[in-house]
Number of protein chains: 2
Amino acid sequence: MPDVTIAEVASHAGVSPSTVSYVLNGNPKISDHTRERVRASIKALNYRPHAGARALRSGRTDVVALAIPMYEWTNERVVMPFVYGVVEAARRHGWNVMLLTDAEHGAEIDQVVRSKMVDGVVLMEVREDDERVAALSGLEARAVTLGMPLQGSSMPYVDFDFEACGRASVDYLVELGHTQIGLLAAPSGVFNRKLGYAQRLWQGVSERLRELGLDFHGCPMEPTMDGVLDALDGLYKKVPGLTAVVVHNEGSLDTLLQALKQRDKDVPSDLSVLAVCQRDLALRVSPVLTCMDVPAVEMGRGAVELLHAREPTSYLVAPVLVPGASTGPPRSRGRVREALTTRRADKPVGPVRAT
Amino acid sequence: MPDVTIAEVASHAGVSPSTVSYVLNGNPKISDHTRERVRASIKALNYRPHAGARALRSGRTDVVALAIPMYEWTNERVVMPFVYGVVEAARRHGWNVMLLTDAEHGAEIDQVVRSKMVDGVVLMEVREDDERVAALSGLEARAVTLGMPLQGSSMPYVDFDFEACGRASVDYLVELGHTQIGLLAAPSGVFNRKLGYAQRLWQGVSERLRELGLDFHGCPMEPTMDGVLDALDGLYKKVPGLTAVVVHNEGSLDTLLQALKQRDKDVPSDLSVLAVCQRDLALRVSPVLTCMDVPAVEMGRGAVELLHAREPTSYLVAPVLVPGASTGPPRSRGRVREALTTRRADKPVGPVRAT
DNA sequence: ATGAAAGCGCTAACAC
DNA sequence: GTGTTAGCGCTTTCAT
């Protein structure tokens, strides 16, 4: 089966190559009758345009690059849904996805962009002073980031609104009657790498607690049993009356639940646990965690849409609360609730609720 | 910064375009002196060959497609290391990787191959009657599978030797003195999908047990706490004296350990647990599991090497035992050990040990 | 509404 | 050892 060219399709359909090209590219000036004949020939000959020839002539490839992170603390379970979202949306636009890892400090990106293999690039987990951003500056490819750069680069981004999420998490727990709330945060490596999202959640939680006149205590947490126990014990030492925690650490959700069992803390009666993570992950542990859903697939899609948009505008995805079995009122409450009720009157709190 | 072409490099270096092309493609007939001058010009002008033009002319793209599975039971933690291995090896050959998901029943593969976007395809998790294999047959692209097809297709593959692994697992446990050994197998979805590897491990374990005159009891296991408890309780019901299990279920390792705690079974004194999984996963639970390491990154690399080889030959990767804290001798033993010793004399058992 | 024709940037056969 | 040259298969301007 030799390769069919546009010329063969053309002669099969009794038209010129340009007409076939017009049909292929949706030129509206082609008559319905001709279009159908050409389509029939394309099908009959099982024709596929040569991507290289098309790219050479048109300057477009309909391929986007996806640069996925490869840090030692990267959690595959967290990354993959973003990837699926990107691939899915890309294909909806008729694009393919070139997979890059950032092992070579931006050199892969430079290569695929400058050799015109891709029309655009999606960057995941951009750090401060990211070499990939530098590699991309001065190149003509479109680029978006999946995750908000810490320093405002000029690149459009789509990200989860971690700060609003932190605030909403506090509000939700306060509304339940909690006043002694802690934060079990991302591993310290994430903070050190200047990734932004860890800080932004931290800030949202701490600011909102302070606004409500409550104390804040947070602790980064390593994704091992020892790390989790350390963080947990540290928090209880600082806040003996702790009744609720926000957890921003996808890799440690079940470890945390085990650790709590080990410390004889019942969830939620001794401790309410509110996770910031993808819905799936919250559902896969026992008890099912109440979570602030990070809609990874949708965000991956969003990044591709941004690449497609004629005027890309960065945006943040609002947190959505997905109720689970891990949160409830604290054991002892009373006037706290009154205080809250008063507060709510002048400033509404609480995130959107999942349907 | 306009795009530099080969002609501009040529005139900058004072040579003809073909000479630049020869340098680019490593033609040995170019003199060292010329080669250096051309290289200098390439660097000075920051030149990158246009991938489309090169593909159009040469018929090669230096891109390989990776078709990753997207089944509901797919474990991202398991898949990603294979992907990393593929990407890494591809780049070592100067290739890029196009990422495909099999959402469209092979149509994506057909598209990228027939439009000449890729030179080869790596197929992950090929099933019996896989639509992707059908899509690929009759196409001229090279193709390899990462995972052995159940029905012998003609495609070269690299896979883990699950059958040998099953046998070696039994031997290892029998050598420790166990005689009541069970198998906690992959989720039933994996068996139903005719993926091969689940069956092959099952077969290895059961055959070796029978050869040694021991009973076999196995049970598929769903990756939820309920599923794990069901499988475990079922196994204990059938084999009340159970002292060891082989687990072939990456998604349930920590759930299993929790379930055992819940049933008051100490590991390894009440039950030895031998996992068939990637080394990493075995290290990340507590206690650290003894495992038969599935070297995913290396296998990913191997698939790419197969694509590169002039005469690709399928091969199976031998199991390597990585000792952990989850296996030991059973509580009560005695004459069993003698029986084994006799047996070993005429047929050596046991896998390669990790260094 | 359709066709003719001019390349896009590169490689490789061939000439010298 | 290096240059000349003829396209690869497609898109797109311009003509009709």
Side-chain angles (χ1 to χ4, degrees), chain A residues 1-39 41-42 45-63 94 111-117 119 140, chain B residues 1-39 41-42 45-63 94 111-117 119 140:
Chain A
M1 197 169 69
D3 283 336
V4 181
T5 71
I6 200 170
E8 301 175 62
V9 175
S11 62
H12 183 274
V15 296
S16 77
S18 50
T19 303
V20 178
S21 179
Y22 292 142
V23 171
L24 246 29
N25 296 288
N27 186 319
K29 303 213 292 191
I30 299 296
S31 71
D32 290 359
H33 174 245
T34 307
R35 198 196 325 279
E36 285 319 310
R37 271 228 319 292
V38 170
R39 288 226 173 103
S41 296
I42 287 174
L45 300 179
N46 198 17
Y47 167 71
R48 284 276 186 194
H50 189 292
R54 174 177 271 205
L56 175 58
R57 189 57 240 231
S58 70
R60 286 183 33 233
T61 59
D62 291 344
V63 177
Q111 189 230 317
V112 298
V113 170
R114 298 237 323 271
S115 69
K116 298 281 184 297
M117 300 188 79
D119 300 332
E140 52 197 293
Chain B
M1 199 166 70
D3 283 338
V4 180
T5 70
I6 200 170
E8 302 175 61
V9 175
S11 62
H12 182 275
V15 296
S16 77
S18 53
T19 303
V20 178
S21 178
Y22 292 143
V23 172
L24 247 27
N25 295 289
N27 185 320
K29 303 212 295 190
I30 298 297
S31 70
D32 289 359
H33 175 245
T34 308
R35 198 197 325 280
E36 284 321 310
R37 272 226 321 292
V38 170
R39 289 226 173 101
S41 296
I42 287 174
L45 300 179
N46 198 19
Y47 167 71
R48 284 273 186 197
H50 188 292
R54 175 177 271 207
L56 174 57
R57 186 58 237 228
S58 70
R60 287 182 34 232
T61 60
D62 292 343
V63 177
Q111 190 230 317
V112 299
V113 170
R114 298 237 323 274
S115 69
K116 298 282 184 298
M117 299 187 79
D119 300 331
E140 51 196 295

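By convention in this document, chain letters (A, B, ...) are assigned in the order of the sequence lines, proteins followed by strands, and residues within each chain are numbered from 1. Bear in mind the structure is a predicted one, so any value in this text is a computation, not a measurement.
- Scanning both residues, B:Pro49 and A:Ser115, for their nearest heavy atoms gives O-CB, 3.3 Å.
- Judged by distance alone, the side chains of A:Thr19 and A:Ser16 do bring a donor and an acceptor atom under 3.5 Å apart.
- Of the candidates B:Val38, B:Ile6, B:Asp3, B:Tyr47 forms a side chain to side chain contact (heavy atoms under 4.5 Å, CB included) with just one, namely B:Ile6.
- For the pair A:Met117 and B:Thr61, the minimum side-chain heavy-atom distance is 4.5 Å or more.
- For B:Asn27, there are no side chain to side chain donor-acceptor pair (under 3.5 Å) partners two or more places apart in sequence or in a different chain.
- Protein chain A contacts DNA chain C from C:dA1 to C:dG9, reading 5' to 3' and using non-hydrogen atoms of the protein with a distance under 4.0 Å.
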**Study point:** Heavy-atom protein contacts under 4.0 Å, nucleotides 9-16 of chain D, coded B base, S sugar-phosphate only, - none
**Key:** BBBBBB--
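- Judged by distance alone, the side chain of B:Arg35 and the main-chain N or O of B:Val23 form no donor-acceptor pair under 3.5 Å.
- Within the 4.5 Å cutoff, the side chain of A:His12 has no heavy atoms near those of the A:Val4 side chain.
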